Amino acid sequence: MTLRVAVIGAAGYVGGELLRLLLAHPEVGEVVATSRSQAGVPLGDVHPALAPLTDARFAGLTPGEASAGADVVFLALEHGESSKVADEVFTAGPGLVIDLAADFRVSDLALYSRFYGQHPSPHLVPRFTYALADVLGHELKGKTALAAPGCFATAAQLALYPLARLGLTDTPALFGITGSSGSGVHPKPTTHHPARAHNLFAYSVLGHRHEAEILQRWREWSGDAGAHARLLAHSGPFVRGIYLTLHVMLPGGGTPVDVPGAFAKAYADRPFVRLTKAAPELTHAVGTNYALIHATQTPDGREAQVMVAVDNLVKGAGGQAVQAMNLSLGLPEEAGLKGGGIFPC
Ligand SMILES: NC(=O)c1ccc[n+]([C@@H]2O[C@H](COP(=O)([O-])OP(=O)(O)OC[C@H]3O[C@@H](n4cnc5c(N)ncnc54)[C@H](OP(=O)(O)O)[C@@H]3O)[C@@H](O)[C@H]2O)c1
């Protein structure tokens, strides 16, 4: 298979990561990278790490023009922009559309509006499948429109999924810290270097937007429409990665639940989830599509703690989206994604 792929919004951080992975993907023959502000500029001028790999330039095509004749279209646009361009992308008739923004991640529109306001294109939402690749795996085969999960949401859901069948009665707390690349390429008062380096702070307190998709899955998996989970989001003094720790009290009485066993079972044959013997370190996941997870419980079986380390731009964005593309098209799941990270970094 030689795929023609378009990346819309390729000048951003997620777009750059998609280009890095797609340029090295064995089944991808052509990559069209679009940008409004960088049309005509070499990809390597905007994403310097790509300079040795390609002399290609950004195209100033509209999303519809870039999607015509494409097998796969990735939308790597700011929140809300995908809704504006999705109709013209679908009209162009690509085989598969993968959106990396939050526009189509939450199918419960009431839940969506609580966190994002009224949905601008509700008619398009049912078309998309939420593509948590490490959980859904081959269930993604043949899907034609995928919503890639958010970065915090990916880490949180990989921690929650194996716990859903353990009959928890407590509300899990998900304490996460993200690096500055999670905020995109344009500097903001809380993301530029002087505000971010050597600093640490909570944000979106009692209502981070990724809670919408986390809650939707958690309720679906646990079978409890009223189930809750709380994301405690923090900004950290590093560029890449998300480190998330889940803590929850386990049900008392009877036989204690087996938390490590539940994780081993849930991820037994999932190639990009690695269960570690001790708490993972962030830099061991950076640059890779792997989620490093350590799940443990107290000796009395009353308390569980789960640590997850992922790269926000790979596992939390471009890597997971390419994994979802592989699964949807029936390609080997690991194609183009097996690279290790760099350490120290
Ligand atoms: N950063 C992360 O860790 C992360 C993780 C998971 C998901 N996401 C999501 O992925 C999306 C992209 O994130 P990001 O961090 O890469 O944002 P970003 O760095 O701000 O990049 C978005 C890019 O979209 C481009 N763009 C907007 N409209 C366009 C259009 N009509 N045609 C072509 N290009 C267009 C912009 O470039 P031009 O102005 O040049 O067009 C901009 O560079 C967001 O929705 C974000 O929430 C981000």
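All ligand and atom numbering here is 1-based and tracks the order in the structure. Keep in mind that what you see is a predicted model, and the values were worked out from it rather than measured.
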Original post:
Considering only heavy atoms of Gly316, which atoms of ligand 1 have at least one such atom less than 4.0 Å away?
Top reply: 5 (C), 6 (C)
Subject >> Contact atoms of ligand 1, heavy-atom distance to Ala317 under 4.0 Å >> reply: 5 (C), 6 (C)
Original post:
Evaluating non-hydrogen atoms only, which member of Asn312, Asp311, Val41 is closest to atom 3 (O) of ligand 1?
Top reply: Asn312
**OP:** Quick one: look at Arg36 and ligand 1, take heavy-atom pairs under 4.0 Å, and tell me if it's side chain, backbone, both or neither.
**Re:** both
Original post:
Do any N/O atoms on Leu77 end up under 3.5 angstrom from N/O atoms on ligand 1?
Top reply: yes
Subject >> Residue Ala101 vicinity, atoms of ligand 1 by number, heavy atom under 4.0 Å >> reply: 45 (O)
Original post:
Going by the order shown, which atoms of ligand 1 are within less than 4.0 Å of some heavy atom of Ala76?
Top reply: 12 (C), 22 (C), 23 (C), 24 (O)
**OP:** List every atom of ligand 1 that sits less than 4.0 Å from any heavy atom of Gly182, numbering the atoms from 1 in the order shown and giving each element.
**Re:** 1 (N), 2 (C), 3 (O)
Subject >> Non-hydrogen side-chain atoms of Phe272 and Gln320 separated by less than 4.5 Å >> reply: no
Original post:
Would you call Phe238 and Val286 a side-chain contact if the rule is heavy atoms closer than 4.5 Å?
Top reply: no
Original post:
Less than 3.5 Å between some nitrogen or oxygen of Ser35 and one of ligand 1, yes or no?
Top reply: yes
Subject >> Closest protein heavy atom (residue, atom, distance) for atom 43 (O) of ligand 1 >> reply: Gly12 N, 3.2 Å
Original post:
atom 9 (C) of ligand 1: which of Val314, Leu100, Ile242 has the nearest heavy atom?
Top reply: Leu100
**OP:** Within a distance under 4.0 Å of any heavy atom of His79, pick out the atoms of ligand 1 and give their elements.
**Re:** 45 (O)
Original post:
Any side-chain heavy atom of Thr288 within less than 4.5 Å of one from Asp311?
Top reply: no
Subject >> Sub-3.5 Å N/O-N/O distance, Leu313 and ligand 1 >> reply: no
Original post:
Polar-atom distance check: Val185 versus ligand 1, any N or O pair below 3.5 Å?
Top reply: yes
**OP:** Check ligand 1 against Arg105 and write out every atom of the ligand that is under 4.0 Å from a heavy-atom position of the residue.
**Re:** 7 (C)
**OP:** Around atom 36 (C) of ligand 1, find the nearest protein heavy atom and jot down its residue, atom name and distance.
**Re:** Glu78 OE2, 3.8 Å
**OP:** Compute the centroid of each ring, for Tyr13 and then for His47, and state whether the two points are separated by less than 6.0 Å.
**Re:** no
Original post:
Any non-hydrogen atom of Thr34 lying under 4.0 Å from ligand 1?
Top reply: yes
**OP:** Using distance alone, with no hydrogens and no angle criterion, decide if Asp134 and Gln323 have a side-chain donor and acceptor under 3.5 Å apart.
**Re:** yes
**OP:** Indicate, as side chain, backbone, both or neither, the part of His210 found under 4.0 angstrom from ligand 1 when only non-hydrogen atoms are considered.
**Re:** neither
Original post:
Can you find an N or O of Glu81 that's nearer than 3.5 Å to an N or O of ligand 1?
Top reply: no
**OP:** Verify the distance criterion only: is there a donor paired with an acceptor across the side chains of Tyr130 and Glu220 at less than 3.5 Å?
**Re:** no
Subject >> Side chains of Gln216 and Ser107, donor plus acceptor under 3.5 Å >> reply: yes
Original post:
With a cut-off of 4.0 Å, which atoms of ligand 1 are near a heavy atom of Gly184?
Top reply: 15 (O), 17 (O), 18 (P), 19 (O)
Original post:
Which residue and non-hydrogen atom of the protein lie closest to atom 25 (C) of ligand 1, and at what distance in Å?
Top reply: Gly9 CA, 3.6 Å
Subject >> Leu111 reachable from Leu231 in the ILVMFWY side-chain graph, under 4.5 Å edges >> reply: no
Subject >> Test of proximity, Tyr13 against ligand 1: N or O pairs below 3.5 Å >> reply: yes
**OP:** Drop me the distance from Leu77's CG to Thr34's OG1, to the nearest 0.5 angstrom.
**Re:** 7.5 Å
Original post:
Do the ring planes of His119 and Tyr112 sit parallel (below 30°), tilted (30 to 60°) or perpendicular (above 60°)?
Top reply: tilted
Original post:
What do you reckon, does Ser181 have a nitrogen or oxygen under 3.5 Å from a nitrogen or oxygen of ligand 1?
Top reply: yes
Original post:
Distance only, no hydrogens: is a donor on one side chain within 3.5 Å (strictly under) of an acceptor on the other, for Ser181 and Asn312?
Top reply: yes
**OP:** Establish whether atom 19 (O) of ligand 1 and some protein heavy atom are separated by less than 4.0 angstrom.
**Re:** yes
Original post:
Of Val314, Thr283, Val310, Thr178, which meets side chain to side chain contact (heavy atoms under 4.5 Å, CB included) against Arg240?
Top reply: Val314
**OP:** Check the angle between the aromatic planes of Tyr161 and Tyr267 and answer parallel, tilted or perpendicular using the 30° and 60° thresholds.
**Re:** tilted
Original post:
Roughly how far, to the nearest 0.5 Å, is CG of Leu327 from CD of Glu334?
Top reply: 10.0 Å
Original post:
Does Val14 reach ligand 1 with a nitrogen or oxygen that is under 3.5 Å from one of the ligand's nitrogen or oxygen atoms?
Top reply: yes
Original post:
Side chain, backbone, both or neither: which part of Ser37 has a heavy atom under 4.0 Å from ligand 1?
Top reply: both
Subject >> Check against ring-ring contact (aromatic ring centres under 6.0 Å, His included), His208 and Tyr203 >> reply: CA-CA 8 Å; His208 190 284; Tyr203 71 102; 5.4 Å; yes
